[in-house]
Enquirer: 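Supplied in structure tokens, the structure appears directly below.
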Amino acid sequence: MPRHLVPPASSTEPPLLAATVWAGVLGLVFTAGYRLTNAHAALAPAVRVALPWDSAVPFWAWTIVPYLSLNLMLPLALFACADRRALHALGARVLAVMVLSFAVFWAWPTASVHIQPPMGLPWQPWFDGLRAFEAPVNQVPSLHVAVLVLVWQAMRARVPVRLRGLWHGWCALVAWSTLATWQHGLVDVAAGAALGWLAGQWPRDGARRLA
């Protein structure tokens, strides 16, 4: 094809390289942010923000599977973006909730409202792996839920219609898992959901400027 007929690169191309960069950047920010805020929380008094209803939440060890699945859902959402505009909007929103959450964690360390019971196989190694980078501190807001809200919003139009019920159901299960694993309490989850929703309202004009 003559060179002058080849369409130039545009924001409508599948952003594979840019998605890879975003995945790497967000992974580094997540890891560094938790390491710093966890170390800070270990030196500062942490408060527990509990509601009476927290004691009614059951502990279901198997929900660690949907809980950890968000680690795959976020990269999937980045690579599933239709164009650069959608990718940069999602990446910027996730980065924003990370930075805001880590700032709150630093200023106001909070501790888990639950103490997880001892578990045997097969679930104990899953929780041990989680504890390697996510200590039972820095609870409010739930960064897990905030990111989940953004991933759910970004993917709901990309999932085939016949599978959207499954997508919504899985996202609801991931949200429930933050409670059922006793990783978070009700206040944490509500604050995380609010943060994710607010970040999802990022002005569209601002998102276009990122493209």
Enquirer: Is the backbone N or O of V140 less than 3.5 Å from a side-chain atom of T110, with the two atoms forming a donor-acceptor pair by type?
Expert: yes

Enquirer: For V174, does its backbone N or O pair with a side-chain atom of T178 as donor and acceptor, under 3.5 Å?
Expert: no

Enquirer: Between T20 and F79, is any pair of side-chain heavy atoms under 4.5 Å apart?
Expert: yes

Enquirer: Between L87 and L78, does the side chain to side chain contact (heavy atoms under 4.5 Å, CB included) criterion hold? Intermediate values first, please.
Expert: CA-CA 6 Å; L87 170 66; L78 292 171; 3.8 Å; yes

Enquirer: Considering only heavy atoms from C-beta outward, does the side chain of M73 approach that of W167 to under 4.5 Å?
Expert: yes

Enquirer: To the closest 0.5 Å, what do you measure between CZ (F102) and CG (N38)?
Expert: 8.5 Å

Enquirer: Short question: side chain of S55, backbone of P52 - any donor-acceptor pair under 3.5 Å?
Expert: yes

Enquirer: Run the side chain to side chain contact (heavy atoms under 4.5 Å, CB included) check on L90 and W22 step by step: do they pass?
Expert: CA-CA 9 Å; L90 175 60; W22 267 117; over 6 Å; no

Enquirer: To the nearest 0.5 Å, how far apart are CG in L150 and CG in L74?
Expert: 9.0 Å

Enquirer: Hydrophobic clustering (ILVMFWY, side-chain heavy atoms < 4.5 Å, transitive) - are L166 and W152 grouped together?
Expert: no

Enquirer: If the plane angle is over 60° it's perpendicular, under 30° parallel, otherwise tilted; pick one for W60 and W176.
Expert: perpendicular

Enquirer: Does V137 offer a backbone N or O that forms a donor-acceptor pair with the side chain of Q139 under 3.5 Å?
Expert: yes

Enquirer: Where do V97 and L143 come nearest, in terms of heavy atoms and distance?
Expert: O-CD1, 3.8 Å

Enquirer: Do S101 and W106 have side-chain heavy atoms sitting under 4.5 Å apart?
Expert: no

Enquirer: If you round to the nearest 0.5 Å, how far is CH2 of W182 from CD1 of I115?
Expert: 9.5 Å

Enquirer: Under the 3.5 angstrom rule, does the side chain of R156 hit a backbone N or O of R164 as a donor-acceptor pair?
Expert: no

Enquirer: Nearest 0.5 Å, what's the OH-CG distance between Y67 and L173?
Expert: 13.5 Å

Enquirer: Is there a continuous path of hydrophobic side-chain contacts, each under 4.5 Å between heavy atoms, that joins V113 to L179?
Expert: no

Enquirer: Starting from the C-alpha separation in whole Å, work towards a yes-or-no answer on side chain to side chain contact (heavy atoms under 4.5 Å, CB included) for Q124 and Q116.
Expert: CA-CA 11 Å; Q124 188 64 58; Q116 291 165 342; over 6 Å; no

Enquirer: V145 and A193: which non-hydrogen atoms are nearest, and at how many Å?
Expert: CG1-N, 3.5 Å

Enquirer: Does atom CZ (R35) have a neighbourhood of more than 12 heavy atoms from anything else shown, all under 6.0 Å?
Expert: no

Enquirer: Compare every heavy atom of W126 with every heavy atom of L68, then report the nearest pair and how far apart it is.
Expert: CD1-CE3, 3.7 Å

Enquirer: Are L36 and W108 connected in the hydrophobic side-chain network, where two residues link if heavy atoms are under 4.5 Å apart?
Expert: no

Enquirer: Any non-hydrogen side-chain atom of N138 less than 4.5 Å from a side-chain atom of H40?
Expert: no

Enquirer: Can you tell me how far apart CG (N71) and CZ (F30) are? Round to the nearest 0.5 Å.
Expert: 6.5 Å

Enquirer: Carefully, step by step, assess S142 and Q183 under the rule side chain to side chain contact (heavy atoms under 4.5 Å, CB included).
Expert: CA-CA 9 Å; S142 169; Q183 282 293 114; over 6 Å; no

Enquirer: Check L70 against H144 and note the closest heavy-atom contact, atom names and distance.
Expert: CD2-O, 3.3 Å

Enquirer: For the pair F127 and F59, name the ring-plane relationship: parallel under 30°, tilted 30 to 60°, perpendicular over 60°.
Expert: tilted

Enquirer: Could you tell me whether the side chain of D54 and the main chain of L186 form a donor-acceptor pair under 3.5 Å?
Expert: yes

Enquirer: Is L130 reachable from M119 through a run of I, L, V, M, F, W or Y residues, each pair having side-chain heavy atoms under 4.5 Å apart?
Expert: yes

Enquirer: What are the two closest heavy atoms between S69 and P66, and how far apart are they?
Expert: OG-O, 2.6 Å

Enquirer: Indicate the atoms forming the closest heavy-atom contact of A18 with H88, along with that distance.
Expert: CB-CE1, 4.3 Å

Enquirer: Do you reckon L148 sits in the same ILVMFWY cluster as W197, going by side-chain contacts under 4.5 Å, direct or chained?
Expert: no

